[in-house]
Number of protein chains: 2
Amino acid sequence: MNHRLTARGKERRRQLMEFAAARFAENGYHPTSVAEIVQGMGVGKGVFYWYFSSKEELFLEILRQAQHELRRRQQQAIGEEPDPLRRIELGIRASMSWLAENRHLFTLFQFAASEERFSPSLRRGQDVAVDDVVRHVKEGIVAGRIRDTDPLVLTHAVLGVTNHLARNFIFERGEPADEVANAAVAFCLEGLSPG
Amino acid sequence: MNHRLTARGKERRRQLMEFAAARFAENGYHPTSVAEIVQGMGVGKGVFYWYFSSKEELFLEILRQAQHELRRRQQQAIGEEPDPLRRIELGIRASMSWLAENRHLFTLFQFAASEERFSPSLRRGQDVAVDDVVRHVKEGIVAGRIRDTDPLVLTHAVLGVTNHLARNFIFERGEPADEVANAAVAFCLEGLSPG
DNA sequence: GGGGTTCTTGACCGAGCGGTCATGAACCCC
DNA sequence: GGGGTTCATGACCGCTCGGTCAAGAACCCC
């Protein structure tokens with residue numbers, strides 16, 4: 001748990017997290033036992049408790065890291081873009097492509113949101129990403145390019161569209177991420193209204 | 001399980017479902033044991049297995065009924081309204097107020113979506129509601145009142161906005177359902193764009 | 001009030017869980 | 001090659017879980 005890890009150790013830990021995340025997403029967190037994880041990795045049980053102090057801690061770690069990666073990807077995509085509306089668009093596109101590549105982690109987000117044990121941790125991470133978007137929205141409002149309403153509301157609306165479309169069209173229908181991203185961007189900009 | 005139930009029996013069954021739904025939402029489905037449910041109701045374990053053949057069946061039944069209620073509420077709100085855009089709006093408002101009164105059931109929807117055992121059943125119910133909205137959207141497109149894009153995409157975008165705003169503003173911030181509904185409707189109509 | 005049906009009890013079961021630990025292998029630096 | 005650290009084993013523990021069942025209470029209709 002609180003050990004100094006060698007390069008070998010860190011790699012082992014990473015593999016455990018990756019494998020466990022896949023099992024959790026496929027089978028559910030509770031139905032997936034520690035025994036199942038270590039058997040799947042072909043190691044003894046002690047290995048698990050060498051790297052993690054509990055099953056719960058492992059899950060929280062997976063969550064934390066996934067949120068971190070997603071945010072990095074967003075920031076990387078946005079770069080130095082000056083236009084706030086375009087920043088929002090780039091964020092949506094980055095999220096879509098990350099979600100397409102990591103659908104199993106999205107499932108874990110969903111599970112975490114449904115269990116009080118994990119939802120606070122999820123919230124904390126998501127608030128960071130929300131703040132990013134809120135900043136762009138505020139800028140857009142000041143520039144008169146975005147409707148003058150509560151920026152937090154607009155931000156969550158954008159997130160809602162992005163996540164829901166990702167789930168229904170990328171995950172369940174296997175549509176390409178960039179097409180779904182196009183649709184999400186269009187909806188966020190204009191809603192249902194024609195031109 | 002497959003018994004003829006008297007009025008008394010049906011009431012008992014209803015109470016069990018209600019109590020279990022509350023516990024599932026608060027504690028999670030897996031962490032809530034059958035023993036905990038029957039103790040909370042002050043009855044013996046046999047009662048549970050008289051009314052339900054398994055914990056899983058109970059959960060599916062709760063899910064089914066919740067989806068049924070939500071849909072009924074939507075259809076009731078829409079009534080005979082002729083304007084398709086207005087029908088969509090009324091649907092959003094009805095969903096918001098139902099969600100505000102049944103946030104625990106929304107939590108169960110979320111959990112169900114995260115576990116493969118339950119998500120098919122959830123999907124089936126949601127597809128019905130989706131079809132309703134798709135019909136309104138198509139009408140709106142024909143009338144030239146809605147952007148001419150894949151109606152299914154537009155529908156899911158509307159659902160995404162509604163659910164996400166409900167969760168973040170009604171559940172987590174306790175804002176009044178009708179105000180959140182206003183925001184959702186506005187976003188769905190115009191998106192981010194000003195006027 | 002007899003007899004069939006509906007409902008209730010709670011001790012009990014086998015299985016599986018998360019987590020521990022004594023023991024030792026592998027590795028690394030001197 | 002000795003000695004400290006890191007990593008690995010898997011039998012084992014206490015416990016709780018979902019589910020069963022023999023027994024009987026409550027209810028209902030004739």
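In the text below, chain A, chain B and the rest are named by the order of the sequence lines, each starting its count at 1.
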Using whole Å, what does the distance between atom [atom2] of nucleotide [N] and atom [atom1] of [X] come to?
X: Glu11(B); N: dC27(D); atom1: CD; atom2: C1'; value: 17 Å
X: Ile37(B); N: dT16(D); atom1: CD1; atom2: C1'; value: 15 Å
X: Met41(B); N: dG10(C); atom1: CE; atom2: C1'; value: 17 Å
X: Phe52(A); N: dC7(D); atom1: CZ; atom2: P; value: 13 Å
X: Tyr49(B); N: dA11(C); atom1: OH; atom2: C1'; value: 15 Å
X: Phe48(A); N: dA11(D); atom1: CZ; atom2: P; value: 19 Å

_Listed once per pair and sorted, the salt bridge (Lys or Arg N to Asp or Glu O under 4.0 Å) pairs that draw on residues 180-190 of chain B, sequence neighbours left out_ =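 Output for this query is empty, none listed.
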
*salt bridge (Lys or Arg N to Asp or Glu O under 4.0 Å): which pairs involve residues 95-110 of chain A, sequence neighbours left out?*
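Every pair satisfying salt bridge (Lys or Arg N to Asp or Glu O under 4.0 Å) with a residue in residues 95-110 of chain A: Arg73(A)-Glu101(A).
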
Partner set under side-chain hydrogen bond (donor to acceptor under 3.5 Å, both in side chains) for [X], not counting sequence neighbours:
X: Gln15(B); answer: Glu11(B)
X: Arg71(A); answer: Asp132(A)
X: Glu115(A); answer: His30(A)
X: Asn27(B); answer: Arg23(B)

Under 3.5 Å between N/O atoms: give me all the protein pairs with nucleotides 1-7 of chain C, atom names plus distance.
{"residue": "dC7(C)", "atom": "OP1", "partner": "Thr6(B)", "partner atom": "N", "Å": "3.1"}
{"residue": "dC7(C)", "atom": "OP1", "partner": "Thr6(B)", "partner atom": "OG1", "Å": "2.4"}
{"residue": "dC7(C)", "atom": "OP1", "partner": "Gly9(B)", "partner atom": "N", "Å": "3.4"}
{"residue": "dC7(C)", "atom": "OP2", "partner": "Arg4(B)", "partner atom": "O", "Å": "3.2"}

_If the condition is side chain to side chain contact (heavy atoms under 4.5 Å, CB included), which residues does Glu69(A) pass it with, not counting sequence neighbours?_
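Listed in chain order: Gln65(A), Trp98(A).
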
*asked:* List the residues meeting side chain to side chain contact (heavy atoms under 4.5 Å, CB included) with Ala129(B), not counting sequence neighbours, and say none if there are none.
replied: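 Only Gln74(B) meet the side chain to side chain contact (heavy atoms under 4.5 Å, CB included) criterion with Ala129(B).
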
_According to side chain to side chain donor-acceptor pair (under 3.5 Å), does anything in residues 148-160 of chain B pair up with another residue at least two apart or in another chain? List the pairs._
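Qualifying pairs, neighbours excluded: His164(A)-His156(B), Arg147(B)-Thr149(B).
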
*Can you list, by residue number, the residues of residues 15-26 of chain B that have a non-hydrogen atom closer than 4.0 angstrom to DNA chain D?*
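Correct list: empty, so none.
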
*asked:* Both distances below 3.5 Å, Watson-Crick or wobble geometry, any strand: find the nucleotide opposite dC30(C).
replied: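 dG1(D) is the nucleotide pairing with dC30(C).
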
*In the structure shown, which nucleotide is the Watson-Crick or G-U wobble counterpart of dG18(D), with both distances under 3.5 Å?*
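Here dG18(D) is engaged in a pair, and the nucleotide opposite it is dC13(C).
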
*How about Arg167(B) and Gln110(B): does a side-chain donor come under 3.5 Å of a side-chain acceptor?*
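A pair is found: one side chain offers a donor N or O, the other an acceptor, under 3.5 Å apart.
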
_Checking side-chain polar atoms at under 3.5 Å, does Ser53(A) have a donor or acceptor matched by the opposite partner on Glu57(A)?_
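There is such a pair between these side chains.
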
Between protein and nucleic acid, restricted to nucleotides 14-17 of chain C and to nitrogen or oxygen atoms under 3.5 Å apart, what atom pairs and distances do you find?
{"residue": "dC17(C)", "atom": "OP1", "partner": "Ser33(A)", "partner atom": "OG", "Å": "3.2"}

